[in-house]
Amino acid sequence: MDGVLIKNLSSQVGSEVTINGWLYNRRGSGKIQFLIIRDGTGITQGVLVKQEKPDLFDTAKKIPQESSLRVTGVVEENPKAPGGYELQVNNIEVVSEAEHYPISLKKHGVDFLADRRHLWIRTPKQSAILRIRSEIELAVHEFFNQNDFIQADAPIITPNACEGTTTLFEIDYHGESAYLSQSGQLYNEATAMALGRVYCFGPTFRAEKSKTRRHLMEFWMIEAEAAYFDFEDNLKLQEEMIYHIIQRVLKNRRAELEVLGRDISKLEAVKLPFPRLSYTEAVELLQNKGREFNWGDDFGAPDETAISEEFDSPVFIHRFPTAIKAFYMKPDPQDEKVVLGADLIAPEGYGEIIGGGQRIDDLALLEQRLEEHKLPKEAFEWYLDLRRYGSVPHSGFGLGLERTVAWICGLDHVREAIPFPRMLYCLYP
RNA sequence: UCCGCGAUAGCUCAAUGGUAGAGCAACCGGCUGUUAACCGGUAGGUUGCAGGUUCGAGUCCUGCUCGCGGAGCCA
């Protein structure tokens, strides 16, 4: 259909255009009214003066909130208008008159809005978040493409657990037990041995009964894996990717960040290289801040927040005790008590957004680890093959998309970082 | 699974154990540049469910249901 996007109105001043959109709100008096119109790219207003077009004025006055309409008018610049431009309306075609809309523009609670998520996403803040999410996804693809990574997606339905420890969603696979993927990493290691540098991007499922602002049952993860990448290569890749994402969002989605009221200076403060803290140094930092923490414990959310407070950029915590990390993590040759793994902690208390590290490339050690973790060796035979046939040093990581979106947008809960969040006991809509 | 908090009009919230109320939304009317517009009026209730205490319970007690926040686990 013919039409101009609201975001492009600035180039149409003086000409008559049609906007295909929805009626977001209406303001005005008995003699003049302002139709607030949204189209997914932005918000503008149509102006109607009763004296000039009495019939159209009365018709417009009766159009209910969220009706779909095509508004034709002449574009004018006006600093009072949302977005700086407005339409002197000449015609309105109501595409579909809406029933009484359940979401008013006033204050609502989260429960109420979450139950109507399919409508909530029409509001300026929610749609701004989803536009930023899309920008982040584009930035990721662009970054990997520029760095010679091939997208090779991992399966969603898997025969066994990758790490074996977390709870999985079980499904009936034609009479056989199967599970929804909780990580594509093991498959990434296989594709990396085929393609060199790979990444996968898709939904991931965790059935843990987690009930916090950082957890979803279904979330999207970007996982990269590269052959002949050592631990340091991997950290460098991660920080450059995050930096690239931030720069692209700052460049292309500044207006959306402003809609969200995000403190943009916090994002501009992110600088390369990111600080690196060994686990042991992080423990000392926590102890110096007066927190009770013993070497060998894993960090809780409040610990991560306490560490991130010390830095403007995301901070790497590396070389964790072997006992608290996954079976495939490569031990540090300098100190066998720790592994070459690192978490990236986002600033402002947003917690871990990346987990990654160098993988064990030695067959015997990997077999020993599977035994120690009491994992069924048969299920991992194909994975062990990767060490039998041309094993190489390799490293990778996984980035949680929703946590990244929440951090960049300054959200207080990851549920707003995805169009339709799947949370504990929350499966609708 | 554990700890804490909550459930009153469509929504957001009030109401010492003593007649359930306001703002917004809806509906009617007014207003010539609005910015979650504003002003006047109308209508709107099995106070989450089931028991109990009391002359009297939205309010106190017990159980249940649902929701929220946090912990653990993790991205």
Side-chain angles (χ1 to χ4, degrees), chain A residues 24-36 43-52 57 61-62 64-66 76 78-84 86 88 99-116 120 123-125 162-163 165-168 181-185 202-223 238 297-305 324-326 343-346 350-356 397-407 412-415 417-418 423-426 428:
Chain A
Y24 175 67
N25 190 16
R26 178 183 27 246
R27 291 189 281 263
S29 67
K31 302 287 166 51
I32 185 166
Q33 60 176 311
F34 302 92
L35 303 172
I36 312 301
I43 282 193
T44 190
Q45 67 182 16
V47 185
L48 268 169
V49 176
K50 185 164 188 174
Q51 209 172 22
E52 294 170 5
F57 187 93
K61 193 131 202 180
K62 293 198 177 69
Q65 183 191 2
E66 283 301 324
E76 281 184 9
N78 189 325
K80 288 185 192 167
E86 64 184 16
Q88 296 295 330
E99 294 179 22
H100 174 55
Y101 196 62
I103 301 182
S104 73
L105 302 175
K106 300 292 176 177
K107 209 172 145 193
H108 293 290
V110 171
D111 303 16
F112 178 82
L113 292 168
D115 281 346
R116 292 157 186 80
W120 186 18
T123 58
K125 282 193 179 183
C162 284
E163 305 183 16
T165 52
T166 35
T167 324
L168 297 159
S181 173
Q182 58 177 5
S183 166
Q185 186 207 310
T204 307
F205 306 87
R206 302 278 167 93
E208 298 126 346
K209 299 206 188 308
S210 299
K211 199 175 159 62
T212 80
R213 68 183 68 191
R214 297 177 305 281
H215 288 88
L216 295 170
M217 300 291 106
E218 175 184 311
F219 65 97
W220 286 65
M221 191 150 68
I222 294 129
E223 291 176 279
Q238 292 170 45
D297 293 345
D298 206 353
F299 299 117
D303 301 312
E304 290 178 351
T305 302
I324 59 172
K325 283 291 168 183
D343 289 349
L344 185 66
I345 312 297
Y350 280 94
E352 182 183 347
I353 53 172
I354 290 181
F397 66 89
L399 170 76
L401 178 63
E402 287 74 16
R403 286 186 183 176
T404 305
V405 173
W407 163 47
D412 55 15
H413 200 301
V414 289
R415 72 179 144 223
I418 185 169
M423 298 185 297
L424 193 59
Y425 314 126
C426 178
Y428 177 92

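Chain A is the first sequence line, chain B the second, and so forth, proteins listed ahead of strands; every chain is numbered from 1. Since we're looking at a predicted model, the values are computed, not measured.
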>> Between A:Glu223 (side chain only) and A:Gly184 (backbone N and O only), is there a donor and an acceptor less than 3.5 Å apart?
In response: yes

> With rounding to whole Å, what would you report as the distance between B:rU62 and B:rU53 at their P atoms?
Replying inline: 15 Å

> From B:rU34, B:rU32, B:rC31, pick the nucleotide closest to the side chain of A:Ile32?
Replying inline: B:rU32

> Which residues satisfy the ring pair (Phe, Tyr, Trp, His ring centres under 6.0 Å) test with A:Trp120, sequence neighbours excluded?
Replying inline: none

> If you measure from the P atom in B:rG58 to the same atom in B:rA50, how many Å do you get, rounded?
Replying inline: 13 Å

> So which heavy atom on A:Ile418 is nearest to which on A:Glu218, and how close?
Replying inline: CD1-O, 4.1 Å

> Can you tell me how far P of B:rC11 sits from NE2 of A:His100, to the nearest Å?
Replying inline: 11 Å

>> Could you tell me how far apart A:Gln185 (CD) and B:rC74 (P) are, to the nearest whole angstrom?
In response: 14 Å

>> I need the NZ-P distance between A:Lys62 and B:rC28, as an integer number of Å.
In response: 9 Å

> Where the side chain of A:Leu216 is defined as all heavy atoms beyond and including C-beta, which of B:rC11, B:rA75, B:rC74 is the nearest nucleotide?
Replying inline: B:rA75

> For A:Gly109, which contact category applies under a 4.0 Å heavy-atom criterion: base, sugar-phosphate, or nothing?
Replying inline: sugar-phosphate

> side-chain contact (heavy atoms from CB on, under 4.5 Å) with A:Ala207: which residues, sequence neighbours excluded?
Replying inline: A:Thr167, A:Phe169

> Does A:Arg214 have a side-chain nitrogen or oxygen under 4.0 Å from the phosphate oxygens OP1 or OP2 of B:rA71?
Replying inline: yes

>> Rounding to an integer number of Å, can you tell me how far A:Lys61 NZ sits from B:rU34 P?
In response: 15 Å

> What distance, rounded to whole Å, do you find between the two P atoms, one in B:rG52 and one in B:rA43?
Replying inline: 37 Å

>> Once you apply a heavy-atom cut-off of 4.0 Å, does A:Gly300 come out as touching a base, just sugar-phosphate, or nothing?
In response: sugar-phosphate

>> Give me the distance, rounded to whole Å, that separates B:rG33 from B:rG48 when you measure between the P atoms they each carry.
In response: 45 Å

>> Please enumerate all residues that pass side-chain contact (heavy atoms from CB on, under 4.5 Å) together with A:Glu352, with sequence neighbours excluded.
In response: A:Glu304, A:Asp343, A:Ile345, A:Arg403

> Which nucleotide, B:rC68, B:rA75, B:rG33, lies nearest any side-chain atom of A:Val47?
Replying inline: B:rG33

>> Taking the nucleotide of RNA chain B with the nearest heavy atom to each, does A:Gln65 or A:Glu402 sit closer to the 5' end?
In response: A:Gln65

> Looking for any heavy atom pair under 4.0 Å, which part of the strands does A:Glu86 touch: base, sugar-phosphate only, or nothing?
Replying inline: base

>> Can you tell me how far apart CD (A:Glu208) and CG (A:Leu168) are? Round to the nearest 0.5 Å.
In response: 9.0 Å

> With a non-hydrogen cut-off below 4.0 angstrom, is A:Glu76 in contact with a base, only sugar-phosphate, or nothing?
Replying inline: nothing

> Given B:rC68, is OP1 or OP2 found less than 4.0 Å from the side-chain N or O atoms of A:His413?
Replying inline: no

> Of the nucleotides B:rA71, B:rC74, B:rC11, which has the atom closest to the A:His108 side chain?
Replying inline: B:rC11

>> So, using salt bridge (Lys or Arg N to Asp or Glu O under 4.0 Å) as the criterion, who are the partners of A:Glu66 when residues are at least two apart?
In response: A:Arg38, A:Arg122

>> Let me confirm one number: the CD1-CG distance from A:Ile36 to A:Asn25, rounded to the nearest 0.5 Å.
In response: 6.0 Å

> When you measure from the side chain of A:Thr212, which nucleotide among B:rA71, B:rC74, B:rG33 comes out closest?
Replying inline: B:rA71

Write out a two-atom table: protein N or O, nucleotide N or O from nucleotides 1-8 of chain B, distance below 3.5 Å.
{"unit_1": "B:rU1", "atom_1": "O4", "unit_2": "A:Lys209", "atom_2": "O", "d": "3.2"}

>> Show me the dot-bracket string of RNA chain B, counting Watson-Crick or G-U pairs under 3.5 Å, with | for pairs to another strand and [ ] for crossing ones.
In response: (((((((..((((....[..)))).(((((.......))))).....(((((..]....))))))))))))....

> Which part of the nucleic acid does A:Gly28 contact within heavy-atom distance under 4.0 Å: base, sugar-phosphate only, or nothing?
Replying inline: base

>> Measuring from the side chain of A:Leu105 (C-beta onward, heavy atoms only), which nucleotide among B:rC11, B:rC74, B:rA36 has the closest atom?
In response: B:rA36

> Of all heavy-atom pairs between A:Phe205 and A:Gln182, which one has the smallest distance, and what is that distance?
Replying inline: O-CB, 3.4 Å

>> How many whole angstroms separate atom CZ of A:Phe112 from atom P of B:rC13?
In response: 12 Å

>> Can you give me the closest heavy-atom contact between A:Ile324 and A:Asp297, atom names plus distance?
In response: CD1-O, 3.8 Å

> Roughly, in whole Å, what's the span from CZ in A:Arg26 to P in B:rU34?
Replying inline: 17 Å

> With distance as the sole criterion, do the side chain of A:Arg403 and the base of B:rC74 form a donor-acceptor contact below 3.5 Å?
Replying inline: yes

> Taking N and O atoms by type only, does the side chain of A:Gln33 place a donor or acceptor under 3.5 Å from a partner on the base of B:rG33?
Replying inline: no

> Which value, in whole Å, describes the distance between the C1' atoms of nucleotides B:rG30 and B:rG67?
Replying inline: 42 Å

>> Under the rule for ring pair (Phe, Tyr, Trp, His ring centres under 6.0 Å), what residues qualify as partners of A:His108, not counting sequence neighbours?
In response: A:Phe112

> Given the P atoms of B:rA20 and B:rC27, what is the spacing between them in whole Å?
Replying inline: 30 Å

>> Between B:rC3 and B:rG18, how many Å separate the two C1' atoms, rounded to a whole number?
In response: 37 Å

>> Given B:rC74, B:rG33, B:rG72, identify the nucleotide with an atom nearest to the side chain of A:Phe34.
In response: B:rG33

> Where the side chain of A:Pro302 is concerned, which of B:rC11, B:rA71, B:rA36 is the nearest nucleotide?
Replying inline: B:rA71

> In terms of side-chain heavy atoms of A:Lys80, which of B:rG33, B:rA71, B:rC74 is nearest?
Replying inline: B:rG33

>> Counting the atoms with a prime plus P, OP1 and OP2 as sugar-phosphate, which does A:Arg415 contact under 4.0 Å by heavy atoms, base, sugar-phosphate, or nothing?
In response: sugar-phosphate

>> Regarding A:Asp343, tell me which of base, sugar-phosphate or nothing describes its non-hydrogen contacts under 4.0 Å with the strands shown.
In response: nothing

> Between B:rC55 and B:rG41, how far is it from one P atom to the other, in whole Å?
Replying inline: 43 Å

> Looking at residues at least two apart in the chain, or sitting in another chain, which of them share a side-chain contact (heavy atoms from CB on, under 4.5 Å) with A:Val49?
Replying inline: A:Ile32, A:Gln51, A:Glu52

> Given atom CG of A:Asp298 and atom P of B:rC74, what is their separation to the nearest angstrom?
Replying inline: 6 Å

>> Measure CG/A:Asp412 against P/B:rC68 and give the value in whole Å, please.
In response: 13 Å

> Looking at residues at least two apart in the chain, or sitting in another chain, which of them share a salt bridge (Lys or Arg N to Asp or Glu O under 4.0 Å) with A:Glu402?
Replying inline: A:Arg133

